[in-house]
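I have placed the structure first, in the form of structure tokens, so that the comments after it can refer back to it.
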Protein chains: 2
Amino acid sequence: MSDKTVPDKPPADTLVDPGQQARWFNRVREAHQAETAEDYVELIADLIEAQGEARVVDLANRFGVSHATVNKVIVRLNREGLVSNQPYRSLFLTESGKGLARRCKERHRVVLDFLLALGIAPATAEADAEGVEHHVSEETLAAFRHFIVKQNQK
Amino acid sequence: MSDKTVPDKPPADTLVDPGQQARWFNRVREAHQAETAEDYVELIADLIEAQGEARVVDLANRFGVSHATVNKVIVRLNREGLVSNQPYRSLFLTESGKGLARRCKERHRVVLDFLLALGIAPATAEADAEGVEHHVSEETLAAFRHFIVKQNQK
DNA sequence: TTCAAATTGTTGCCAAGGCTAAACATTGTT
DNA sequence: AACAATGTTTAGCCTTGGCAACAATTTGAA
């Protein structure tokens, strides 16, 4: 195949290094692993703040899934030390869960404000932020903050 | 606990409508459903363009997963009419797969160029784009394009 | 107090996407 | 032609996060 005088395959310099690309995809997979946990602690924190408590039923409603699904996830988060709960009682965050929630809410706010500053309609911005927030690096987040500040100065 | 004269629960007007929130999360879940398919057709198209063919081994290397995993996904994509393949032969995209790949590559390019225009370092921009691209709406994509144009005019 | 409604928990099912190990096919070399 | 190396597929297992159906508990109202 490669003993011809004229190469029939173009040089592959349009493709990035395989190892590099693999690391990127790995990072996305890890982010996705963490997504559920982040969404749950974020919403639990919001519910506790706004309503005084977070119940399984509320989470199921707001995520749009069955209560059985919520329950299963809660068991995992409990195992991972993010949520503490007693049978038939409402949900609480551990210290570690509270920390994660705080960081996630801050990141969510930055992404949302950024999209709004860019001129996106509020409903779209909210929807996009929900998906995007889990995939922005610290560097990009810093650039978002910078853009928001600049935009507000105009 | 709640038999006080003063209500200890603040009004919940800081929370958005549950149905609305459920739709947002649903959209994210659907996006995630499509992510794998999009990443695969995108990479298959890139490989065919750059090397003349896309093989299971290449995909496994570039995604950073085992070849068995790639094979299983390919079977699904075949079932869904995006990829056509013969046993022990390299992979091809169907017309529908080609269309999806084209749209994904275009979207990827916009997200990447946007992050670069924002001043993000190339390596970070690539990594973030890989995760973000699946979660931006058409409206946000349009805003990204607009920003790129404005930035280039400076 | 008793009982029905609401809430929470459990069980068993499914698909997706990870993995390893082993079987199978193709290809190039000797 | 035979064989070794390379590439592909299959089989079996795991975890996550969906679901429905049923069991259990709590709570509010009669």
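Letters A, B, ... mirror the listed sequences (proteins, then strands); counts begin at 1. All figures in this text were calculated on a predicted structure; none of them were measured in a lab.
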* Asked: Which nucleotide in the list C:dG18, C:dG12, C:dG17 gets nearest to the side chain of B:Val65?
  -> C:dG18
* Presence of A:Asn71 side-chain N/O under 4.0 Å of C:dG9 phosphate oxygens OP1/OP2 -> yes
* Structure fact -> To the nearest angstrom, the CG-C1' distance between A:Leu91 and C:dT7 comes to 12 Å
* Structure fact -> A:Asn61 CG to C:dT7 C1', in whole Å, measures 12 Å
* CZ of A:Arg89 versus P of C:dA6: gap in Å, rounded? -> 19 Å
* Asked: Is the closest basic N to carboxylate O distance between B:Arg62 and A:Asp17 below 4.0 Å?
  -> no
* To do: Provide the closest heavy-atom pair for A:Glu38 versus A:His134 in the form atom of the first, atom of the second, distance.
  => OE1-ND1, 2.7 Å
* Quick one: how far along DNA chain D does chain A reach, first to last nucleotide 5' to 3', anything under 4.0 Å to a heavy atom? -> D:dT16 to D:dT27
* Tell me: OH of B:Tyr40 to P of C:dA16, nearest whole Å? -> 13 Å
* Considering only NZ, NE, NH1 and NH2 on the basic side and carboxylate oxygens on the acidic side, decide whether A:Arg103 and A:Glu106 come within less than 4.0 Å. => no
* Please report, rounded to the nearest Å, how far the C1' atom of C:dA16 is from the CD atom of B:Glu80. => 10 Å
* Residue met sooner reading DNA chain C from 5', once A:Lys72 and A:Ser90 are mapped to nucleotides -> A:Ser90
* Is there a chain of hydrophobic side chains (I, L, V, M, F, W, Y, each step under 4.5 Å between heavy atoms) that links A:Leu91 to A:Leu47? -> yes
* To do: On the 0 to 90° scale, with breaks at 30° and 60°, tag the B:Phe144-B:Phe114 ring pair as parallel, tilted or perpendicular.
  => parallel
* Structure fact -> Students should find that the end-to-end axis angle of the helix from C:dT1-D:dA30 to C:dT30-D:dA1, with five pairs defining each axis and rounding to 10 degrees, is 10°
* Asked: Rounded to whole angstrom units, what separation is found between the CD atom of A:Glu30 and the C1' atom of C:dG18?
  -> 13 Å
* To do: Quickly work out the A:Tyr88 OH to C:dT7 P distance and round it to whole Å.
  => 14 Å
* B:His135 and B:Glu35: side chain donor to acceptor below 3.5 Å -> yes
* **Pi stacking test for A:His67 and C:dT7: under 5.5 Å apart, planes under 30°** => no
* Asked: In whole angstrom, what separates A:Gln33's CD from C:dC19's P?
  -> 12 Å
* So which one's nearest nucleotide on DNA chain D is more toward 5', B:Ala68 or B:Arg55? -> B:Arg55
* To do: Ignoring hydrogens and angles, state whether a donor on the side chain of B:His32 or A:His32 is under 3.5 Å from an acceptor on the partner side chain.
  => yes
* Flag the pair A:Asp46 and A:Lys105 as a salt bridge only when some basic side-chain nitrogen lies within less than 4.0 angstrom of an acidic carboxylate oxygen. => yes
* Do A:Val56 and A:Phe63 share a hydrophobic cluster (ILVMFWY, side-chain heavy atoms under 4.5 Å, transitive)? -> yes
